[in-house]
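Read through the structure below, which is laid out as structure tokens, and then see the notes.
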Amino acid sequence: MKLFDVYPLFDLNFIKAEGSYLWNDKNEKYLDLYGGHAVISIGHSHPTYVQKVTEQLQKIGFYSNSVKIPIQEEVALKLGKICGYEDYSLFMCNSGAEANENAIKLASFHTKKKKNICFTKAFHGRTAAAVAATDNKSIIAPTNETDNFIFVPFNNTTALEETFKNHEISSVIIEGIQGVGGVQIPEVDFLKKIRSLCDEHEAVFICDEIQSGYGRTGKFFAHQHAQVQADIITIAKGMGNGFPVGGVLIAPKFQAKHGLLGTTFGGNYLACAASLAVLETIEKENLLQNATDLGNYLYEELKDDPLIHEIRYQGLMFGIELKVSCAPLRNKLLSEFNILTGNASCPKTLRILPALNITKTELDAFIHAFKILSKSNL
């Protein structure tokens, strides 16, 4: 048997990782400014993470949700305290796509309606409803095509209002910041309009914080910059620092009942241990402030570079839009400077998503390399 060839791969085989660095099988060292799609939130092999997961594995790794798993309650209490949604409930699952599936389904159970609003350039996952809410026709199979998802232009209040007038809306799902779409930031007034329209029409406001959450923007959730409150918040990626885990934060108005949602692996002991390690590290090391400070530092160092058309960022979530395609620069960062970065659906945008505990020295290495390559591209 061979692997199903669906990923374009760099010719790299990493065998060790620590902090913001990775080493390949030739013992070559790489600076990681992408974190495997914003997954590595507290750095590779963080001591707290390794200790907690190891200790848990030595006790018990798995049993199903048919028994009490007290460590799930620890995660919920800690998460509620740090993120500010203490009166919400937590449903744990395994991935961002699964979190969004449950959010959309829960909203529909609650409203008894079918139609959902999503936005241009959105990415919410690759499973049935999540991919239907994703603005990429090439990954939507015929079986996933449905008229239950209505795409509205991003940051277009008029179009949003018209859609509410013309349809019975169950939910609005929006990313705290669009990641795959190129780090597109929703305007404060747009998020506030979503909130008010959902209230007016008894629809559910779902905020997908899978990439933009967990302190990446300097606040725990990106939508908190706009001082709005979502009804349902979906999380994953940075939640487990590499361990597969996701979750749904659910407002008190939603009624739980046995069998409404379910998962085999969600909330397992190891996922919870990883999640606790991340939350404790974010709090102990003051990583929200570090994301703010170093994000501002990176912006100030790059903002006047002549190769850059625009920088879109909050905290350590960066979309650096160049005046040319970013692929040659990204490839040279990798081949000449051993620096891993990301791309986006817009071909000119370079995505930077480092660990939240990255240092100024590590960012300086990227800044130095970027400026050298920028000069060579002019």
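No hydrogens, no waters, no symmetry mates; every other heavy atom, side chains included, goes into these values.
No side-chain donor-acceptor contact under 3.5 Å links Ser45 and Glu18. Side-chain polar atoms of Gln289 and Asp293 form a donor-acceptor pair below 3.5 angstrom. Side-chain contact of Ser170 with Thr111: a donor-acceptor pair under 3.5 Å is present, judged by distance alone. A donor-acceptor pair shorter than 3.5 Å cannot be found between the side chains of Asp135 and Thr120.
Formation of a donor-acceptor pair under 3.5 Å by the Asp208 side chain with backbone atoms of Asn100 is not found in this model. A donor-acceptor pair is defined here as one N or O able to donate and one able to accept, closer than 3.5 Å; such a pair exists between the side chain of Arg195 and the backbone of Gln229. Side-chain atoms of Ser108 do not come within 3.5 Å of backbone N or O of Ile104 as any donor-acceptor pair. Panel note: side chain Ser376, backbone Leu373; a donor-acceptor pair is recorded below 3.5 Å. Here the side chain of Gln56 pairs a donor or acceptor atom with the backbone of Ile60 at under 3.5 angstrom. Remark: side-chain polar atoms of Glu209 are paired, donor with acceptor, to backbone N or O of Ala222 under 3.5 angstrom. Asn155 places no side-chain N or O within donor-acceptor distance of the main-chain N or O of Pro186, the cut-off being under 3.5 Å. Side-chain N or O atoms of Thr349 include none that pairs as donor or acceptor with a backbone N or O of Ser345 at under 3.5 Å. When atom types are taken as modelled, the side chain of His46 and the backbone of Thr48 share a donor-acceptor pair closer than 3.5 angstrom. When atom types are taken as modelled, the side chain of Asn268 and the backbone of Phe62 share no donor-acceptor pair closer than 3.5 angstrom.
For the salt bridge (charged side-chain N to carboxylate O under 4.0 Å, His left out) test, no residue two or more places apart in sequence or in another chain qualifies with Lys332. Evaluation of the side-chain contact (heavy atoms from CB on, under 4.5 Å) rule for Glu74 yields Ile71, Leu276 as partners, not counting sequence neighbours. Residues meeting the side-chain contact (heavy atoms from CB on, under 4.5 Å) test with Glu362, sequence neighbours left out: Ser20, Tyr21, Leu31, Ile358, Thr359. A search for salt bridge (charged side-chain N to carboxylate O under 4.0 Å, His left out) contacts involving Lys113 returns nothing, not counting sequence neighbours. A search for salt bridge (charged side-chain N to carboxylate O under 4.0 Å, His left out) contacts involving Lys193 returns Glu161, not counting sequence neighbours.
The closest side-chain heavy-atom distance from Ile339 to Thr341 is below 4.5 Å. The shortest side-chain heavy-atom distance between Lys78 and Glu283 falls under the 4.5 Å cut-off.
Lys59 forms no cation-pi arrangement with Tyr269, by the criterion of a distance under 6.0 Å to the ring centre and an angle within 45° of the ring axis.
Members clustered with Ile15: none, using a 4.5 Å side-chain heavy-atom cutoff among hydrophobic residues. Counting side-chain heavy-atom gaps under 4.5 Å among Ile, Leu, Val, Met, Phe, Trp and Tyr, the cluster of Val6 also holds Phe4, Tyr7, Leu9.
In plain terms, the two heavy atoms of Ile173 and Ala133 that are nearest each other are CG2-CB, 4.4 Å. Closest approach of Leu279 to Ile82, counting heavy atoms only: O-CD1, 3.5 Å. For the pair His37 and Lys237, the tightest heavy-atom approach, listed with the atom from each and the gap, is O-CD, 3.0 Å. Minimum interatomic distance between His124 and Thr134 (heavy atoms only, all atoms of both residues): N-OG1, 2.8 Å. Closest non-hydrogen pair, Val204 versus His110, comes out as CG2-CD2, 4.2 Å. Between Ala271 and Pro244, the shortest heavy-atom contact is CB-O, 4.1 Å.
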Worked check of salt bridge (charged side-chain N to carboxylate O under 4.0 Å, His left out) between Glu55 and Lys52: CA-CA 5 Å; Glu55 288 176 353; Lys52 280 196 171 290; 5.9 Å; no
Before giving the answer on side-chain contact (heavy atoms from CB on, under 4.5 Å), spell out for Glu101 and Lys105 the whole-Å C-alpha distance, their side-chain angles and the decisive distance to 0.1 Å. CA-CA 6 Å; Glu101 291 286 335; Lys105 180 168 63 174; over 6 Å; no
side-chain contact (heavy atoms from CB on, under 4.5 Å) evaluation trace for Leu33 with Leu340: CA-CA 6 Å; Leu33 296 184; Leu340 286 155; 5.9 Å; no
What verdict does the side chain to side chain donor-acceptor pair (under 3.5 Å) test give for Asn136 and Ser138, after you've listed the backbone C-alpha separation in whole Å, the side-chain angles of each residue and the deciding distance to 0.1 Å? CA-CA 5 Å; Asn136 183 347; Ser138 69; 2.6 Å; yes
Residue pair Phe221, Ile235: steps toward the side-chain contact (heavy atoms from CB on, under 4.5 Å) verdict: CA-CA 10 Å; Phe221 294 126; Ile235 52 178; 3.6 Å; yes
For Tyr49 and Ile42, what are the C-alpha separation, side-chain angles and deciding distance, and is it a side-chain contact (heavy atoms from CB on, under 4.5 Å)? CA-CA 9 Å; Tyr49 174 83; Ile42 61 171; 4.2 Å; yes
Show your reasoning for whether salt bridge (charged side-chain N to carboxylate O under 4.0 Å, His left out) applies to Lys68 and Glu73. CA-CA 10 Å; Lys68 291 183 178 180; Glu73 296 176 8; over 6 Å; no
Please tabulate, one pair per line, all N/O donor-acceptor pairs under 3.5 Å involving side-chain atoms of residues 314-327, not counting sequence neighbours.
| unit_1 | atom_1 | unit_2 | atom_2 | d |
| --- | --- | --- | --- | --- |
| Glu321 | OE1 | Arg312 | NH1 | 2.6 |
| Glu321 | OE1 | Arg312 | NH2 | 3.4 |
| Lys323 | NZ | Pro306 | O | 2.8 |
| Ser325 | OG | Ala327 | N | 3.3 |

Cut-off 3.5 Å, no hydrogens considered: what does the side-chain donor-acceptor table look like for residues 140-154, sequence neighbours left out?
| unit_1 | atom_1 | unit_2 | atom_2 | d |
| --- | --- | --- | --- | --- |
| Thr146 | OG1 | Asn148 | N | 3.0 |
| Thr146 | OG1 | Asn148 | ND2 | 3.4 |

List the atom pairs, donor and acceptor, that lie under 3.5 Å between side-chain atoms in residues 247-267 and the rest of the protein, sequence neighbours left out.
| unit_1 | atom_1 | unit_2 | atom_2 | d |
| --- | --- | --- | --- | --- |
| Lys253 | NZ | Asp231 | OD1 | 3.2 |
| Thr263 | OG1 | Asn94 | ND2 | 3.4 |
| Thr263 | OG1 | Gly266 | N | 2.9 |

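Between Tyr30 and Phe14, the ring center distance clears the sub-6.0 Å criterion.
For the atom pair CD1 of Ile311 and CG of Leu302, the computed distance is 5.0 Å after rounding to the nearest 0.5 Å. Between the CG atom in Leu22 and the CD atom in Glu28 there is a gap of 12.5 Å [rounded to 0.5 Å]. Atom-to-atom distance recorded for Glu162:CD and Thr158:OG1 is 8.0 Å, nearest 0.5 angstrom. Between the OG atom in Ser171 and the CD1 atom in Ile206 there is a gap of 3.5 Å [rounded to 0.5 Å]. To the nearest 0.5 Å, atoms CD1 (Ile282) and CG (Leu287) are separated by 6.0 Å. One distance of note links CG of Asp25 with CG of Asn13; it measures 4.0 Å at 0.5 Å rounding.
Residue pairs that meet the ring pair (Phe, Tyr, Trp, His ring centres under 6.0 Å) test with at least one member in residues 181-216, sequence neighbours left out, are Phe119-Phe190, Phe164-His201, Tyr214-Phe220. Applying the ring pair (Phe, Tyr, Trp, His ring centres under 6.0 Å) definition to pairs two or more places apart or across chains, those involving residues 88-109 are Tyr85-Tyr88.
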